[in-house]
Protein chains: 2
Amino acid sequence: MAPPTETLTAERILEATEEVLRRHGPAKATVVDVARALGVSHGSVYRHFRTKAALREAVTKRWLDRTSEKLAVIVTADGTPGERLRAWLAALFETKRHKAGDDPELFATYTVLTEENGTAVGEHIADLTAQLTRIIADGAGSGTFPVPDPAAAARAVFQATGRFHDPCYAREWKAPGVDEEFTAVVDLLVRGLSSPSR
Amino acid sequence: MAPPTETLTAERILEATEEVLRRHGPAKATVVDVARALGVSHGSVYRHFRTKAALREAVTKRWLDRTSEKLAVIVTADGTPGERLRAWLAALFETKRHKAGDDPELFATYTVLTEENGTAVGEHIADLTAQLTRIIADGAGSGTFPVPDPAAAARAVFQATGRFHDPCYAREWKAPGVDEEFTAVVDLLVRGLSSPSR
DNA sequence: CAGCTGACAGATTTCAATATCTGTCATTCC
DNA sequence: GGAATGACAGATATTGAAATCTGTCAGCTG
């Protein structure tokens, strides 16, 4: 099916793995399937990834990184810290909601993968909170967000908005009124960050 | 095993059901088990609950209501709205964390039950946000919390603190530093509620 | 010789036969 | 007569034997 003449690279294996996951789901996607899709023996896959778990972790990381990269643009964009904070949170919500809504099966698949890969998720969350920290630190510098510890504030904001980005709430993202709820939470948080009484 | 001479009541059945759930877990707890524990035939259980699902829902509701009742006390307690809000949120966290930590298996069991019983959970959440609304409305009346819509603010606060009461985060409640994270989120929210700039 | 293959052992999954459970109801018991 | 029983049909769960998969490695191939 895939051209078997190209050299076998980790990237090509990851590509094929994602395709196999999309087709078969997380429970039935096997290394043999991946090898078959690439027209090679499964032994060759093990040359690039020591175990099936490592392969799944790599493909998970790849998926999470795509989100991080998308959001990174907003961190350094124009606008006040307040605008960027709102834009960043809205983009995070929108991205996740889109992924969950467009291809629910693939999203469910990756949700399973993230559950079995605490490390990759931890790093992803660290990435995202680092981005948030930069925005809030900008606001701390300019006096918009008079917070003593931007990193702690970023963690708090990230956790408080979990309902709008954590996969465990995915099924509620299509309910009517979520957008109002999202706005209400973000407003409350921005107001909290902006409050000078510290 | 249980005295078979007492009259069979819905409450006794619920009691026995909780015990069977504790022993066997959500997957292997059967109506026959419950009947056996009560020393009656399973047909008798069906006289009080139309289906197994109804029985499980009733026992779930009972469990959730125990939490609601505990928290209701704080709503009408002494203290400023700010103090009561913090106390209420802390009690909610503490109660859940205790349940999860003391008897992890029973907690896991009830987590499964709540997942299959959207309705009971919805009502429970409605109960809790109503309690929160009363506290915030008090604050709105006294000027402590100058919010235009206490009910909306209550929903936002409840959702923003999900990480500290939603069972899907239970495994993180024993991590070091959660208390600081809880405090950070609550501080941010209280500051947001207290901010006069509306 | 670097990369790929395919046979292999042990672990895991599938599948179909078997057992148990759910929900009903005619009958029994007090 | 109201409450409980237990046999029953269809649905669901368990089990163990057979099939498949994971991870290794000695040897093949270009």
Side-chain angles (χ1 to χ4, degrees), chain A residues 1-60 105 108-109 112-113 115-117 119-120, chain B residues 1-60 105 108-109 112-113 115-117 119-120:
Chain A
M1 195 161 281
T5 49
E6 287 178 40
T7 34
L8 189 58
T9 98
E11 181 57 28
R12 278 192 65 217
I13 293 174
L14 289 177
E15 204 79 54
T17 304
E18 188 165 67
E19 182 56 25
V20 167
L21 281 166
R22 189 193 308 275
R23 276 201 210 291
H24 299 347
K28 296 208 279 183
T30 73
V31 176
V32 172
D33 288 331
V34 173
R36 201 171 11 241
L38 287 163
V40 301
S41 85
H42 74 279
S44 301
V45 173
Y46 280 97
R47 178 163 299 279
H48 292 85
F49 296 93
R50 219 176 313 127
T51 65
K52 184 189 188 182
L55 175 57
R56 285 165 82 102
E57 177 168 348
V59 85
T60 305
E105 301 207 354
T109 292
V112 171
L113 287 182
E115 272 158 20
E116 73 191 27
N117 265 329
T119 311
Chain B
M1 191 162 284
T5 48
E6 288 178 39
T7 34
L8 189 58
T9 100
E11 181 57 26
R12 277 191 67 218
I13 292 174
L14 289 177
E15 205 78 54
T17 303
E18 188 165 68
E19 182 55 26
V20 168
L21 281 167
R22 189 193 309 274
R23 276 200 212 291
H24 298 348
K28 295 207 279 185
T30 73
V31 177
V32 172
D33 287 331
V34 174
R36 199 171 13 239
L38 288 163
V40 301
S41 84
H42 74 280
S44 302
V45 173
Y46 281 98
R47 176 163 301 280
H48 292 84
F49 296 94
R50 218 177 316 129
T51 64
K52 183 189 187 183
L55 175 57
R56 286 165 83 101
E57 178 168 349
V59 85
T60 305
E105 300 207 358
T109 292
V112 171
L113 288 182
E115 272 158 20
E116 73 191 27
N117 267 330
T119 310

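Just so it is clear, the values below take in all heavy atoms, side chains as well, and ignore hydrogens, waters and symmetry mates. Throughout, a chain's letter reflects where its sequence line sits, starting with A, and its residues are numbered from 1.
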TODO: Give a yes/no on whether any side-chain N or O of A/Ser44 is located under 4.0 angstrom from OP1 or OP2 of C/dT5.
DONE: yes
Task: Candidate pair B/Glu116 and B/Leu113, rule side-chain contact (heavy atoms from CB on, under 4.5 Å), full reasoning - done: CA-CA 5 Å; B/Glu116 73 191 27; B/Leu113 288 182; 3.5 Å; yes
Task: Sequence-aligned protein contact record of nucleotides 7-28 of chain C, with B where the base is within under 4.0 Å of a protein heavy atom and S where only the sugar-phosphate is - done: B------S------SBB-----
Open item on the list: Just the rounded figure in Å: distance from C1' of D/dT14 to NE2 of B/His24.
Closed with: 15 Å
- [ ] Please indicate whether A/Glu11 has more than 12 foreign heavy atoms, meaning atoms of other residues, nucleotides or ligands, lying under 6.0 Å from its CD.
- [x] yes
Open item on the list: Measuring to OP1 and OP2 of D/dT5, would you say a side-chain N or O of B/Ser41 lies under 4.0 angstrom away?
Closed with: yes
TODO: Please determine which of A/Val31, A/Val59, A/Thr17, A/Leu14 meets the side-chain contact (heavy atoms from CB on, under 4.5 Å) test together with A/Phe49.
DONE: A/Leu14
Task: Between C/dT5 (P) and A/His48 (NE2): distance, integer Å - done: 11 Å
- [ ] Report yes or no: does A/Arg56 contribute a side-chain atom to a donor-acceptor pair with the main-chain N or O of A/Pro26 at less than 3.5 Å?
- [x] yes
Open item on the list: Can you pull out every salt bridge (charged side-chain N to carboxylate O under 4.0 Å, His left out) where at least one residue sits in residues 24-34 of chain B? Sequence neighbours excluded, please.
Closed with: B/Asp33-B/Arg36
Task: B/Ser41: side-chain contact (heavy atoms from CB on, under 4.5 Å) partners, not counting sequence neighbours - done: B/Ser44
Task: Nearest-angstrom distance from the residue atom CG of B/Leu8 to P of C/dC30 - done: 17 Å
